[in-house]
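Just below is one structure, and these are the notes that go with it.
Along the sequence shown, residues are numbered consecutively beginning with 1. Note that this is a predicted model, so its numbers are computed, not measured.
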Amino acid sequence: MENITKMKVAKPIGEVFEAIVDPVKMSNYWFSSGSGRLEPGKTITWRYEEYNAQVEIQVVEVEESKKIVFQWGANGEGNVVTISLHELDPTTTVIEVQEAGFDENDPALIHHLLDNKEGWVYMLTCLKGYVEFGVSKLRAGLVK
């Protein structure tokens, strides 16, 4: 089972790609820090200082300005996330996030799908605000 979320960003594809793979740029809209640039074969730790939380991801594939694939979750058995970038024109990029690996037999499946969809919409909205307008205060604004 997979979950797909898309958003249009009014910036060139290269700028959007760099905002995702560069941990310094990413810290302006998503996690507060990352242990390195997203590169194939690397294990990266992302931290959310505000929530006292962290997650390790295994970077599976990175295709310059096109695609980033990573796995996250418990013991390397978590979901696989594919972030695809599509250029509409030289100044506009569509980002598609596909998260696969949800257990169709899980009684809480709908809850997990909705929770993750909410998270991706929020992340993409913060990314859009950052790359289009330089807004860096949206990150970690959700209160749970």
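Under the 4.5 Å side-chain heavy-atom criterion for grouping Ile, Leu, Val, Met, Phe, Trp and Tyr, Val94 is not connected to Val81 through any hydrophobic cluster. Hydrophobic clustering places Val55 together with Val21 (ILVMFWY residues linked when any side-chain heavy atoms are closer than 4.5 Å, directly or through intermediates). Hydrophobic clustering (ILVMFWY, side-chain heavy atoms < 4.5 Å, transitive): Tyr51 and Ile44 are in one cluster. Residue Leu85 is grouped with residue Met7 when hydrophobic side chains (ILVMFWY) are merged at heavy-atom distances under 4.5 angstrom, including chains of intermediate members.
Proximity of Pro23 to Lys25: side-chain heavy atoms (C-beta onward) are nowhere separated by under 4.5 Å. Proximity of Asn79 to Phe70: side-chain heavy atoms (C-beta onward) are nowhere separated by under 4.5 Å.
Among residues at least two apart or in separate chains, salt bridge (Lys or Arg N to Asp or Glu O under 4.0 Å) pairs with a member in residues 89-112 are Lys6-Glu96. For residues 35-60, the pairs satisfying salt bridge (Lys or Arg N to Asp or Glu O under 4.0 Å) are Glu18-Arg37, Glu39-Lys42, Glu50-Arg139, with sequence neighbours left out.
Judged by distance alone, with hydrogens and angles left aside, the side-chain atoms of Ser136 form no donor-acceptor pair with the main-chain N or O of Asn28 at under 3.5 Å. The backbone N or O of Lys11 sits less than 3.5 Å from a side-chain atom of Thr93, completing a donor-acceptor pair. Judged by distance alone, with hydrogens and angles left aside, the side-chain atoms of Thr92 form no donor-acceptor pair with the main-chain N or O of Leu88 at under 3.5 Å.
Heavy-atom minimum distance, Ile83 versus Ile20: CG2-CD1, 4.0 Å. Counting all heavy atoms, side chain and backbone alike, Lys117 lies closest to Thr5 at CD-OG1, 3.1 Å. Asp22 approaches Val24 most closely through the heavy-atom pair OD1-N, 2.8 Å. Nearest heavy atoms, Ser65 versus Ile13: O-CD1, 3.1 Å. For the residue pair Ala19 and Leu127, the shortest heavy atom distance occurs at CB-CD1, 3.8 Å. For the residue pair Lys66 and Phe17, the shortest heavy atom distance occurs at N-CD1, 4.3 Å.
Annotation: the span from Thr91 atom OG1 to Glu15 atom CD amounts to 10.5 Å, rounded to 0.5 Å. The structure places OH of Tyr130 at 12.5 Å from CG of Leu138, a figure rounded to the nearest 0.5 Å. The distance from atom CD1 of Ile95 to atom CG of Leu124, rounded to the nearest 0.5 Å, is 5.5 Å.
No close placement of the Tyr122 and Trp120 rings is indicated, their centers lying 6.0 Å or farther apart.
The aromatic rings of Trp72 and Trp46 lie perpendicular to each other, with more than 60° between the two planes, well past the 30° mark.
Hydrophobic clustering, defined by side-chain heavy atoms of Ile, Leu, Val, Met, Phe, Trp and Tyr closer than 4.5 Å, groups Val80 together with Val60, Val69.
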- Carefully, step by step, assess Tyr29 and Lys128 under the rule side chain to side chain contact (heavy atoms under 4.5 Å, CB included). CA-CA 9 Å; Tyr29 68 89; Lys128 181 179 180 71; over 6 Å; no
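Counted by atom type alone, Gln98 and Glu2 present one or more donor-acceptor pairs between their side chains at under 3.5 Å.
For Leu114, the side chain to side chain contact (heavy atoms under 4.5 Å, CB included) criterion is met by Ile110, not counting sequence neighbours. For Asn52, there are no side chain to side chain contact (heavy atoms under 4.5 Å, CB included) partners, not counting sequence neighbours. Here Ser27 pairs with nothing under the side chain to side chain donor-acceptor pair (under 3.5 Å) rule; sequence neighbours left out.
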